[in-house]
2 protein chains.
Amino acid sequence: MEKNIVDILKKNQLSITDSRKKILSLFVQSNGALAHADIEHQSGTEFDRVTIYRTLQTFVDKGIIHTIPTTDNSVRYALCKDDCSAGHHHDDHVHFMCDNCGTTYCLDHITVPAVKLPKGFKVTQTDVVVSGVCNNCNN
Amino acid sequence: MEKNIVDILKKNQLSITDSRKKILSLFVQSNGALAHADIEHQSGTEFDRVTIYRTLQTFVDKGIIHTIPTTDNSVRYALCKDDCSAGHHHDDHVHFMCDNCGTTYCLDHITVPAVKLPKGFKVTQTDVVVSGVCNNCNN
DNA sequence: AATGCAATGCAACGGCGTTGCAAAACAAAT
DNA sequence: ATTTGTTTTGCAACGCCGTTGCATTGCATT
């Protein structure tokens with residue numbers, strides 16, 4: 001696992017630092033999306049706020065993580081699939097936000113349905129945000 | 001037109017004030033969504049920042065406008081259709097954000113495609129955010 | 001082990017959204 | 001039209017979020 005984390009960083013030509021290893025591992029361990037506050041909380045006082053912001057930005061730039069549009073307009077990040085690269089995200093999958101526990105899931109295997117737009121509109125990206133109750137809370 | 005604005009306010013049991021008339025008319029005139037900054041800008045120094053925030057919140061509570069999930073996580077508002085009521089939004093339509101001019105359109109007549117979720121997930125709302133170039137910029 | 005460069009921590013800043021409170025505006029009834 | 005009670009507004013202040021500049025530290029390479 002530790003090895004895996006370092007490999008991802010190396011593959012993206014990033015130097016190996018404690019904060020990058022820690023933050024990236026949080027994403028790998030998590031099944032959902034993380035907000036800045038989640039990371040700050042889960043890493044304790046280990047890293048400065050600013051470092052977390054910059055690390056997240058670096059990961060986005062490199063195509064390691066991506067931001068998610070949310071109904072409450074909070075900023076959340078999730079791991080990209082393998083076919084994402086620097087400046088070239090391919091994350092047209094469905095995101096699910098649980099109204100109960102707040103967890104955000106990336107439903108990778110669900111394909112985004114095609115949306116037919118009026119003439120003259122050119123589509124570059126489609127994001128689907130589904131709200132409801134997740135399978136963990138729905139018991 | 002002026003009459004129309006007042007009617008909407010009355011129908012929602014809101015007292016008629018200058019700021020509410022002005023802000024509501026901005027939404028009626030606009031073909032797209034508005035951010036707080038847009039409203040503050042278009043109404044000049046006429047109203048306090050706080051009044052705009054509170055007016056928008058009131059409109060959301062009454063079901064007159066709704067917030068839109070955006071890819072850049074900016075907060076934008078748009079008029080609701082007639083079947084929205086207080087605390088009961090029905091805005092499962094498609095939103096389009098133009099990467100060029102920044103305009104956000106509500107494509108009411110486009111139906112949201114059904115998304116099939118894994119077992120245990122209960123859907124209450126589906127938002128589709130499409131990015132690209134609008135028909136106004138695509139010439 | 002030394003050197004150059006990149007990343008971090010600290011301090012400070014600006015912007016956004018909220019809250020409390022006094023003043024002003026609205027609605028209803030006389 | 002005037003009064004009265006309630007709602008709304010404006011002002012001031014606050015806290016939070018995200019960013020920037022700069023000195024220090026840590027990483028990678030030889």
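Numbered from 1 within each chain, the chains take letters A, B, ... in sequence-line order.
When each of D:dA28, C:dC26, C:dC10 is scored by its nearest atom to the side-chain atoms of B:Thr17, the top-ranked nucleotide is C:dC26. Side-chain atoms of A:Ser15 lie closest to D:dC27 of the nucleotides D:dG10, D:dC27, C:dT8. Residue A:Val75 places its side chain closer to D:dG18 than to any other of D:dG18, C:dG9, C:dG17. Closest to the side chain of A:Ser19, out of C:dG17, C:dT8, D:dT9, is C:dT8. Across D:dT9, C:dG9, C:dG17, the shortest atom-to-atom separation from the side chain of B:His36 is found for C:dG17. You'll find that the side chain of B:Asp18 is closest to C:dC26, out of C:dC26, C:dT8, D:dT9.
Ring centroids of A:His36 and A:Tyr53 are separated by less than 6.0 Å, placing the two rings close together.
We find that CG of A:Asn73 is positioned 13 Å from C1' of C:dG17, with the value rounded to whole Å. One can place CZ of B:Phe47 at 13 Å from P of C:dA25, the figure rounded to the nearest angstrom.
Side-chain contact, B:Gln42 with B:Asp38: no donor N or O sits under 3.5 Å from an acceptor N or O. Judged purely by distance below 3.5 Å, without hydrogens or angles, the side chains of B:Ser19 and B:Arg54 never pair a donor atom with an acceptor atom. Side-chain contact, B:Thr104 with B:Arg76: a donor N or O sits under 3.5 Å from an acceptor N or O.
A:Glu46 comes within 4.0 angstrom of sugar-phosphate atoms only, judged by non-hydrogen atoms across all strands, and of no base.
Comparing the local axis fitted to the first five base pairs of the helix from C:dA1-D:dT30 to C:dT30-D:dA1 with the one fitted to its last five gives a bend of 40°, rounded to 10°.
Around the NE2 atom of B:His41, the shell of radius 6.0 Å holds no more than 12 heavy atoms that belong to other residues, nucleotides or ligands.
Put simply, the side chain of B:Arg54 and the base of D:dG10 share a donor and an acceptor less than 3.5 Å apart. With hydrogens and angles ignored, a donor-acceptor pair under 3.5 angstrom links the side chain of A:Arg49 to the base of D:dG18.
Proximity of A:Tyr53 to the phosphate of D:dG18: a side-chain N or O atom is located under 4.0 Å from OP1 or OP2.
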